[in-house]
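Quick notes on the structure that follows.
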Amino acid sequence: MELDEETWGRLERAIEVLAEEFAGIVSRDTIRRYIDDSLDRWLDARLTLHVPLLVHRFARQRLRALAQAEGWAAKTVPEVLFVCERNAGRSQIAAAVVDHRAEGRVHVRSAGTAPADRIPLTVLDVMAEAGIPLAREFPKPFTDEVVRAADIVVTMGCGEACPVLPGKRYLDWDVADPDGRSHREVQEIVQEIDLLARDLLDELVRQPVG
């Protein structure tokens, strides 16, 4: 996909914003490299809507993970990464539910081995009804630094494509893929993930989560 001059200008402004945010932590050259690499991954996945905004957000998440993985920024809470194939259903739901229930006591990320173009409308509708909107979220590929930054990696149906690094703790949640399922079926999947999330949070924060 060819990008116009305005889009390139917005990407340059994203570099400036990130350089200010990560001043003294990550170099401008590294930030530019992550913007360029994130853009390449976006175009490869054919995710072309709102490119500058999504590339900015994706690069920012990766840079935060890089700083944590390299020890340049301290971790204040446990980091959990949820991975499924498309990052459009299970991993998005799980990350959102854990983030909602954790109330800042755990930090979450999600990613996919083969990201979809968008989150299904049924998933968006069910999560909105549950008071946990996903409208601002987007499917994204997993990258090395987000795996290295995680304390726990929860895999959800991505099989052999799921990232595996020595020394990481892995959990596998056997949950159905909500893509193409009815509203009621997606509600049941969300309820199942919510139960798993409660158990995980109870362990991570060492106190019951309501």
Side-chain angles (χ1 to χ4, degrees), residues 21 45 47 49-50 53-62 64-65 68 75-142 146 149-158 162 169-210:
E21 178 177 353
L47 302 173
L49 293 175
H50 312 297
L53 174 62
L54 296 182
V55 167
H56 181 178
R57 290 173 60 191
F58 184 37
R60 182 175 184 268
Q61 290 178 15
R62 295 179 63 192
R64 290 184 63 189
Q68 292 175 332
K75 286 185 182 180
T76 58
V77 295
E79 297 278 339
V80 182
L81 172 65
F82 295 93
V83 184
C84 66
E85 181 181 6
R86 306 289 281 169
N87 192 220
R90 289 167 289 189
S91 58
Q92 290 280 1
I93 293 168
V97 169
V98 170
D99 182 63
H100 176 74
R101 291 201 172 279
E103 297 180 334
R105 294 172 291 177
V106 174
H107 185 260
V108 301
R109 296 184 176 95
S110 71
T113 57
D117 291 342
R118 60 185 61 84
I119 298 173
L121 287 177
T122 307
V123 172
L124 295 175
D125 289 344
V126 170
M127 293 298 286
E129 290 170 2
I132 312 175
L134 286 177
R136 296 187 70 253
E137 298 302 324
F138 55 98
K140 49 201 169 294
F142 79 84
V146 299
D151 297 302
I152 297 176
V153 179
V154 180
T155 59
M156 308 176 76
C158 49
C162 286
R169 181 185 174 194
Y170 287 84
L171 300 174
D172 185 67
W173 289 1
D174 185 14
V175 180
D177 186 348
D179 189 29
R181 297 182 181 268
S182 69
H183 192 92
R184 179 57 190 162
E185 288 173 322
V186 174
Q187 287 179 321
E188 292 172 352
I189 290 170
V190 171
Q191 291 168 2
E192 182 178 0
I193 290 174
D194 187 43
L195 291 175
L196 291 166
R198 288 170 181 262
D199 289 342
L200 177 61
L201 284 171
D202 187 28
E203 173 190 345
L204 288 175
V205 302
R206 300 298 178 186
Q207 61 184 16
V209 177

Give the ring-plane orientation class for F138 versus F58, where under 30° counts as parallel, over 60° as perpendicular and anything between as tilted. perpendicular
Between the main-chain N or O of L54 and the side-chain N or O of R57, is there a donor-acceptor pair closer than 3.5 Å? no
Looking at N87 and P115, would you say the former's side chain and the latter's main chain have a donor-acceptor pair under 3.5 Å?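 Not at all, since once roles are kept as given, no pair shorter than 3.5 Å links the two residues.
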Distance check, rounded to the nearest 0.5 Å: [X] atom [atom1] versus [Y] atom [atom2]?
{"X": "I93", "Y": "D194", "atom1": "CD1", "atom2": "CG", "result": "11.0 Å"}
{"X": "I132", "Y": "R101", "atom1": "CD1", "atom2": "CZ", "result": "6.5 Å"}
{"X": "L201", "Y": "L196", "atom1": "CG", "atom2": "CG", "result": "11.0 Å"}

Does a donor on one side chain sit under 3.5 Å from an acceptor on the other, for H183 and E129? yes
Determine, step by step, whether L200 and V106 satisfy the side chain to side chain contact (heavy atoms under 4.5 Å, CB included) criterion, reporting the C-alpha distance in whole Å, the side-chain angles of both residues, the deciding distance to 0.1 Å, and the verdict. CA-CA 10 Å; L200 177 61; V106 174; over 6 Å; no
Work out which heavy atom in C84 is nearest to a heavy atom in A88; give both atom names and the distance. SG-N, 4.3 Å
Heavy atoms only: give me the nearest S91-F82 pair and the separation to one decimal. CB-O, 3.6 Å
All pairs passing salt bridge (charged side-chain N to carboxylate O under 4.0 Å, His left out) where residues 79-98 contributes a residue, at least two apart: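 Passing the test, one end in residues 79-98: E79-R109, R90-D177.
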For a side chain to side chain donor-acceptor pair (under 3.5 Å) with D151, tell me which candidate from K75, R169, H107 qualifies.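 It is K75; the other options fail the test.
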Applying the side-chain contact (heavy atoms from CB on, under 4.5 Å) criterion to S110, which one of E137, Q61, Q92 satisfies it? Q92
Quick one: side chains of residues 185-193, donor-acceptor pairs under 3.5 Å with protein atoms, not counting sequence neighbours, listed by atom name and distance.
from : atom 1 : to   : atom 2 : distance (Å)
E185 : OE1    : S182 : N      : 2.8
E185 : OE1    : S182 : OG     : 3.3
Q187 : OE1    : R184 : NH1    : 3.2

Note: D202-R198 ion pair, threshold 4.0 Å (strictly below):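 Looking at D202 and R198, the cut-off is not met.
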Kindly determine whether L204 and V98 satisfy side chain to side chain contact (heavy atoms under 4.5 Å, CB included), including the steps that lead there. CA-CA 11 Å; L204 288 175; V98 170; 6.0 Å; no
Report the residues that fulfil side chain to side chain contact (heavy atoms under 4.5 Å, CB included) with C158, sequence neighbours left out, ordered by chain and then residue number.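 If we apply the side chain to side chain contact (heavy atoms under 4.5 Å, CB included) test to C158, skipping adjacent residues, the hits are V83, T113, T155, C162.
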If you define the side chain from C-beta out and look only at heavy atoms, does anything of D117 sit under 4.5 Å from P139?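 The answer is no; the side chains never approach within 4.5 Å.
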Dump the intermediate steps for side chain to side chain contact (heavy atoms under 4.5 Å, CB included) on M127 and V97, then the final yes or no. CA-CA 9 Å; M127 293 298 286; V97 169; 4.0 Å; yes
